[in-house]
Amino acid sequence: MLNLESLRKGRARVLRLLAVLGFVAPLLTRLVMGQAFHQTGSGKIENFANTVGFFAELGIPMPEANAFFVSRLEYWGGLLLVVGLLTRLVAAGLASTMVVALATADRASFLDALRGTGDAGLTDVVSFVYLLFLAWLVLSGPGVVSLDALLVRWLERVRRPPHASAPPPA
């Protein structure tokens, strides 16, 4: 028969296990989102004229400059997410592009999903789902398996004053 103490011990074991595995969620999120953005950025660069034309059709101001910026942000930002470098900054930049996508290219499907009209739900609007993952990375950070975390650990070690050696015995 289970008693309260065995439930507490079981809960403590599960929480310890979850703490050990805590690196998995940000790592997988960075890898999947990074690969997706790198791939879309690569496609925008390879088909730059089409990207400029699409941005112009959407009414995005300075379509050539914005297409250049967004394609490079997605391409290089995707790679940076994969390795976990400048994660919060890159995720914030990519999140801003998802807000623009929701306001332009995906506006109708997003509003329909938001209202509950039509067959699609919010999880069917890719830019909205990406925005949620990117917001989570901005708020939670890259996790311990990242170059960001490695850099922080290195900087903390460099900033620590060297241990003063003990004076020689008299």
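Side-chain atoms are counted along with the backbone in the values below, which use heavy atoms only and exclude waters and symmetry mates. None of these values were measured; they are calculated from a predicted model.
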Whether the side chain of [X] engages the backbone of [Y] through a donor-acceptor N/O pair (distance < 3.5 Å, no angle test) should be reported.
| X | Y | answer |
| --- | --- | --- |
| Asp112 | Gly118 | no |
| Arg30 | Val145 | yes |
| Ser140 | Leu137 | no |
| Ser42 | His38 | no |
| Asn66 | Phe55 | no |
| Thr51 | Lys44 | yes |
| Asn3 | Ser6 | yes |

Is it possible for you to say whether [X] and [Y] belong to one hydrophobic cluster, with membership spreading through side-chain heavy-atom contacts below 4.5 Å?
| X | Y | result |
| --- | --- | --- |
| Leu131 | Ile60 | yes |
| Met62 | Phe69 | no |
| Ile45 | Trp76 | yes |
| Leu79 | Leu31 | no |
| Phe133 | Val99 | yes |

task = Using the side-chain contact (heavy atoms from CB on, under 4.5 Å) rule, take Ser127 and Val125 through it: C-alpha gap first, then chi angles, then the decisive distance, then the call.
result = CA-CA 6 Å; Ser127 53; Val125 183; 3.8 Å; yes
For the [atom1] atom of [X] and the [atom2] atom of [Y], what is their distance to the nearest 0.5 Å?
| X | Y | atom1 | atom2 | answer |
| --- | --- | --- | --- | --- |
| Thr123 | Leu132 | OG1 | CG | 10.0 Å |
| Thr40 | Leu73 | OG1 | CG | 9.5 Å |
| Leu15 | Leu17 | CG | CG | 9.5 Å |
| Glu64 | Phe48 | CD | CZ | 5.0 Å |
| Ser109 | Asp119 | OG | CG | 12.5 Å |
| Leu4 | Arg11 | CG | CZ | 11.0 Å |

Should we count CZ of Arg107 as having more than 12 external heavy atoms under 6.0 Å?
no
What pair of heavy atoms forms the shortest contact from [X] to [Y], and how long is it?
| X | Y | result |
| --- | --- | --- |
| Val90 | Leu85 | CG2-O, 4.3 Å |
| Pro142 | Pro26 | O-CB, 3.4 Å |
| Arg88 | Leu139 | NH2-O, 3.2 Å |

With a 4.5 Å limit on heavy-atom distance, are the side chains of [X] and [Y] in contact?
| X | Y | value |
| --- | --- | --- |
| Leu86 | Leu147 | no |
| Pro63 | Phe54 | no |
| Val152 | Asp148 | no |
| Leu94 | Leu81 | yes |

By ring-ring contact (aromatic ring centres under 6.0 Å, His included) - contacts of Phe110 (at least two apart):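 Here the qualifying residues are Phe128.
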Inset, instruction - Evaluate the salt bridge (Lys or Arg N to Asp or Glu O under 4.0 Å) criterion for residues Arg153 and Glu156: first the C-alpha distance (whole Å), next the side-chain angles of each, then the deciding distance (0.1 Å), finally the verdict. - result: CA-CA 5 Å; Arg153 287 192 298 271; Glu156 286 173 352; over 6 Å; no
So that I know where these two stand, are Phe37 and Tyr75 an aromatic pair - ring centroids less than 6.0 Å apart?
no
